[in-house]
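Below: one structure, written as structure tokens.
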Amino acid sequence: MSEDKSLNFLEEIIESDIAAGVNNGRVHTRFPPEPNGYLHIGHASSICLNFGLAKKYNGLCNLRFDDTNPSTEETEYVESIKADVKWLGFEWANELYASDYFEQLYLFAVQLIDKGLAYIDDSTPDEMAAQKGDIGKPGVESFYRNRGIEENKQLFADMRAGKYPDGAKVLRAKIDMEHPNLLLRDPIIYRIKHAHHHRTGDQWCIYPMYDFAHGQSDSIEQITHSICTLEFIHHRPLYDWFIEQLNIFPSHQYEFARRSVSYMITSKRKLLQLVNENHVSGWDDPRMPTISGMRRRGYPAAAVRQFCDMIGVAKRENLVDIGVLEFCVREQLNKTAHRVMAVLNPVKIILTNYEAGRTENLVADNNTEDESSGTRSISFSRELYIERDDFMEEPPKKFFRLAPRLSVRLKHAYIITCNEVIKDADGNITELHCNYNPDSKSGNDTSGIHVKGVIHWVNAADAVPAQVRMYNRLFTVDDPANAEGDFKEHIAPNSMEINNAALVEKSLLNATSGEQFQFMRKGYFCVDRESSSVQLIFNQTVGLKDTFAKEMKK
RNA sequence: AGUCCGAUGGUGUAAUGGUAACACUACAGAUUUUGAUUCUGUCAUUCUAGGUUCGAACCCUGGUCGGACUACCA
């Protein structure tokens with residue numbers, strides 16, 4: 001079970017529980033999103049953790065929607081969350097909803113009232129805030145704190161029956177108004193909300209608070225290890241208190257530090273702003289740190305899983321370099337993506353010694369990393385396009401590409417030499433006239449010439465125009481959530497650049513939405529869902545590592 | 001101010017009382033019909049001051065620094 005790899009602190013807890021026979025060695029986790037937004041990279045790591053732990057220890061993991069606040073939750077989100085979890089490659093043991101437990105939760109509350117541990121409070125929110133005290137300053141007890149049990153029960157029943165408007169009364173646990181942990185100063189456990197719930201409709205007008213729903217839901221589901229982020233650590237005493245007072249199955253809560261990723265934000269509120277204020281095109285904009293955004297961007301699910309696994313889990317604050325995620329994306333795609341040729345910024349070349357009207361079909365491997373990927377045929381003729389960047393009139397030293405009198409190999413084809421540079425009246429290069437060496441055909445080279453550079457190209461006769469959407473970081477600073485000023489001040493002005501001039505090889509005409517490719521020497525790209533046979537559209541997933549560009553900067 | 005977390009290279013994690021490991025990044029080199037991939041090498045006296053011990057990243061005490069908590073949100 002435990003391999004050579006060292007355990008993280010959660011695995012240690014679980015293994016020691018198993019060794020001690022806690023719950024007969026049973027492991028049951030849960031992933032509990034509130035259906036009020038789309039899942040993002042942070043959720044992905046929680047999903048990988050909860051489902052991963054369950055899988056590793058032959059346990060189960062539930063998908064539970066924490067839908068106790070009817071005013072923010074919608075079915076649309078439920079559906080997207082399910083799709084995202086599935087896409088990530090996980091299967092839940094049970095699909096459950098906190099709202100399934102509303103009746104049971106109500107009974108739990110009555111039980112607490114019966115024990116004299118909960119009371120109805122008529123105070124206004126302001127009064128309650130004032131009673132609460134402050135950090136380092138004890139609170140004072142509410143005027144209503146010592147209502148009789150029978151009165152409380154009647155009032156609570158009346159609340160449920162809809163006799164009071166929103167905010168008129170709340171049910172509070174009776175704990176300790178002087179407790180140093182503010183959450184234990186008689187927390188509200190039920191509030192009145194005459195709102196339509198996405199699942200229970202208008203059946204209820206009182207709803208339990210998080211603290212009175214989460215732990216009990218865990219307990220009802222016999223969750224053994226309830227894993228959440230560090231900000232809930234102060235809730236744990238409350239979590240335990242309710243379980244103890246109610247005398248129900250003792251689930252236990254464990255906290256880990258949420259993983260932040262540089263150049264990404266994971267606040268739902270901020271993400272919502274990006275969408276609503278049209279800084280991005282939607283929740284699945286390829287620049288979004290949402291799971292749906294990463295999917296559309298072309299990040300493989302396996303890469304996201306690898307990333308979550310790689311960054312580990314601990315209890316200290318962190319800011320993981322987004323480069324790690326990109327490394328995982330490249331590593332996955334390197335193994336699977338077919339190599340094709342696409343010229344993003346074309347300049348025409350004419351092979352002056354190649355017969356006009358002649359066309360050859362050349363053989364190209366789809367992916368040399370994967371022998372089973374096979375080959376395809378690409379056409380070659382007198383007029384071609386190459387990348388404008390691959391030609392320099394006055395090349396620096398160690399420029400292994402095309403320049404006057406210099407030679408390069410055209411990938412899968414011939415070695416060419418540039419003889420003449422044609423320019424327009426403004427001095428812009430319009431054409432390059434080159435010679436090809438007929439003896440240098442790829443795979444059949446008898447020329448004896450050795451060139452250092454190999455560049456990609458497309459055949460002018462059948463290249464297909466395409467739109468390529470290039471993406472840069474959405475933010476100009478690595479930690480936009482904590483940077484000075486409003487996070488929106490740090491939105492990068494050029495996070496998306498649309499290129500309508502690209503030419504791709506003909507085989508891409510058959511590419512289907514979501515399909516991933518490596519544009520040789522350029523990066524990984526995928527077919528966008530808006531792409532059609534009329535207009536091919538590609539998203540840049542991630543660039544290739546570019547040591548040459550780095551060298552040139554020096 | 002009170003309570004609770006945390007502190008190991010540029011980054012993220014490991015080492016659980018026996019002399020700092022792995023990965024990413026960076027840098028250097030080899031291979032290469034992708035300046036990609038692959039391969040090799042280089043890069044830390046563990047926040048601090050004491051203490052316990054033959055021996056401390058690890059245990060104890062004090063300090064410093066960072067974070068969380070005062071929603072009828074989750």
Side-chain angles (χ1 to χ4, degrees), chain A residues 5-8 12 32-34 36 66-69 71-73 98 121 123-125 128-129 132-139 166-172 179-185 187-193 206-207 209-211 213-214 228-237 255 257 259 262 268 310-328 330-331 334-335 339 341 365 368-369 398-401 408-413 415 440 442-443 445 450-456 518-523 543-552:
Chain A
K5 203 181 163 194
S6 58
L7 305 177
N8 65 48
E12 277 180 12
E34 181 188 9
N36 69 345
D66 231 339
D67 55 350
T68 56
N69 185 357
S71 34
T72 58
E73 296 150 6
D121 197 327
S123 306
T124 65
M128 285 188 36
K132 185 130 198 171
D134 208 337
I135 290 171
K137 197 177 77 190
D166 287 7
K169 288 176 166 46
V170 293
L171 181 69
R172 299 177 75 175
H179 198 103
N181 181 344
L182 291 289
L183 285 165
L184 265 49
R185 318 241 261 229
I188 295 172
I189 58 179
Y190 261 94
R191 78 288 213 186
I192 302 171
K193 262 182 193 271
I206 57 172
Y207 291 92
M209 299 289 287
Y210 167 85
D211 285 306
H214 200 96
C228 62
T229 46
L230 231 37
E231 65 265 30
F232 289 100
I233 199 165
H234 301 96
H235 294 249
R236 190 169 59 201
E255 310 84 12
R259 271 77 59 90
S262 63
K268 276 183 187 170
M310 223 166 138
I311 62 180
V313 57
K315 295 181 81 166
R316 70 175 106 150
E317 297 142 44
N318 57 75
L319 181 63
V320 183
D321 192 329
I322 195 170
V324 179
L325 213 204
E326 293 173 342
F327 166 82
C328 296
R330 288 192 192 99
E331 186 163 81
N334 180 45
K335 292 186 283 195
R339 274 59 171 167
M341 295 201 284
D365 331 282
T368 49
E369 304 283 323
K398 288 204 199 168
F399 184 77
F400 308 137
R401 304 176 183 186
V408 280
R409 172 177 292 283
L410 296 176
K411 180 72 185 175
H412 303 307
I415 292 174
S440 65
S442 217
D445 187 346
H450 209 75
V451 292
K452 186 97 178 169
V454 179
I455 62 173
H456 60 281
Q518 184 194 95
F519 288 180
M520 288 199 100
R521 303 206 307 130
K522 282 290 154 190
L544 255 26
K545 223 171 105 176
D546 193 347
T547 330
F548 177 66
K550 224 180 279 176
E551 185 77 23
M552 292 297 277

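Note that the structure is predicted; figures quoted are calculated from it, not measured. Naming convention: chains lettered A, B, ... in sequence-line order (proteins, then strands); numbering from 1 in each chain.
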Separation of the [atom1] atoms in [N] and [M], to the nearest angstrom:
N	M	atom1	value
U61(B)	U38(B)	P	48 Å
C39(B)	C4(B)	C1'	49 Å
U32(B)	U42(B)	P	24 Å
A57(B)	G17(B)	P	13 Å
G66(B)	C47(B)	P	16 Å
A44(B)	A20(B)	C1'	8 Å
G41(B)	C5(B)	C1'	40 Å
U25(B)	U11(B)	C1'	7 Å

Check whether any side-chain heavy atom of [X] lies under 4.5 Å from a side-chain heavy atom of [Y], and answer yes or no.
X	Y	result
Arg521(A)	Phe548(A)	no
His412(A)	Asp365(A)	yes
Arg185(A)	Leu182(A)	yes
Asp445(A)	Ile415(A)	yes

Whole angstrom is fine here: how far is it from NE2 in His179(A) over to C1' in G2(B)?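 Going from His179(A) (NE2) to G2(B) (C1'), I get 11 Å.
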Could you check how far CG of Leu184(A) sits from C1' of C4(B), rounded to whole Å?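 Atom CG in Leu184(A) sits about 12 Å away from atom C1' in C4(B).
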My understanding is that only residues two or more places apart in sequence, or in another chain, count here; which of them pass ring pair (Phe, Tyr, Trp, His ring centres under 6.0 Å) with His214(A)? Tyr210(A)
So what is the 5' to 3' dot-bracket string for RNA chain B, if pairs are Watson-Crick or G-U wobble with both distances under 3.5 Å, crossing pairs use [ ] and | means the partner sits on another strand? .((((((..((((....[..)))).(((((.......)))))....(((((..]....))))))))))).....
Going by the rule side-chain contact (heavy atoms from CB on, under 4.5 Å), which residues pair with [X] if we only count those two or more places apart in sequence or in a different chain?
X	answer
Ile206(A)	Tyr106(A), Phe156(A), Met159(A), Arg160(A), Tyr190(A), Ile192(A), Trp204(A)
Thr229(A)	Glu231(A), Phe232(A), Phe256(A), Arg258(A)
Met209(A)	Ile188(A), Arg191(A)
Ala98(A)	Asp66(A), Asp67(A), Thr68(A), Ser217(A)

Starting from the C-alpha separation in whole Å, work towards a yes-or-no answer on side chain to side chain contact (heavy atoms under 4.5 Å, CB included) for Glu369(A) and Lys335(A). CA-CA 6 Å; Glu369(A) 304 283 323; Lys335(A) 292 186 283 195; 5.7 Å; no
Which protein N or O atoms sit under 3.5 Å from an N or O of nucleotides 41-48 of chain B?
none

For a quick test of reading the model: is some side-chain N or O of Lys550(A) closer than 4.0 Å to OP1 or OP2 of C27(B)?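 Result: yes.
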Among residues two or more places apart or on two chains, list those pairs meeting salt bridge (Lys or Arg N to Asp or Glu O under 4.0 Å) that have a residue in residues 312-328 of chain A. Glu326(A)-Arg473(A)
Under the salt bridge (Lys or Arg N to Asp or Glu O under 4.0 Å) rule, collect the residues that match up with Arg172(A), sequence neighbours excluded. Asp121(A)
Between N or O atoms, less than 3.5 Å apart, protein on one side and nucleotides 8-14 of chain B on the other: list the pairs.
unit_1	atom_1	unit_2	atom_2	d
U8(B)	OP2	Arg316(A)	NH1	2.8
U8(B)	O4	Arg316(A)	NH2	2.8
U11(B)	O3'	Leu319(A)	O	3.3
U11(B)	O2'	Leu319(A)	O	3.4
G12(B)	OP1	Leu319(A)	N	3.1
G12(B)	O2'	Ile311(A)	O	2.6
A14(B)	O2'	Ser6(A)	OG	3.1

Walk along nucleotides 29-36 of chain B from 5' to 3' and tag each nucleotide B, S or - by protein heavy-atom contact under 4.0 Å, base first, then sugar-phosphate. ----BBBS
Take nucleotides 69-74 of chain B nucleotide by nucleotide from the 5' end and write B, S or -, depending on whether a protein heavy atom sits under 4.0 Å from the base, only from the sugar-phosphate, or from neither. BB-BSB
Would you compute the distance between atom CD1 of Ile233(A) and atom CG of Leu183(A) and round it to the nearest 0.5 angstrom? 12.0 Å
Got a second to check how far Ile455(A)'s CD1 is from Met520(A)'s CE, nearest 0.5 Å?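 It comes to 12.5 Å.
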Tightest non-hydrogen contact, residues Arg409(A) and Ser440(A), listed as NH1-O, 2.9 Å
Distance only, no hydrogens: is a donor on one side chain within 3.5 Å (strictly under) of an acceptor on the other, for Asn181(A) and His234(A)? no
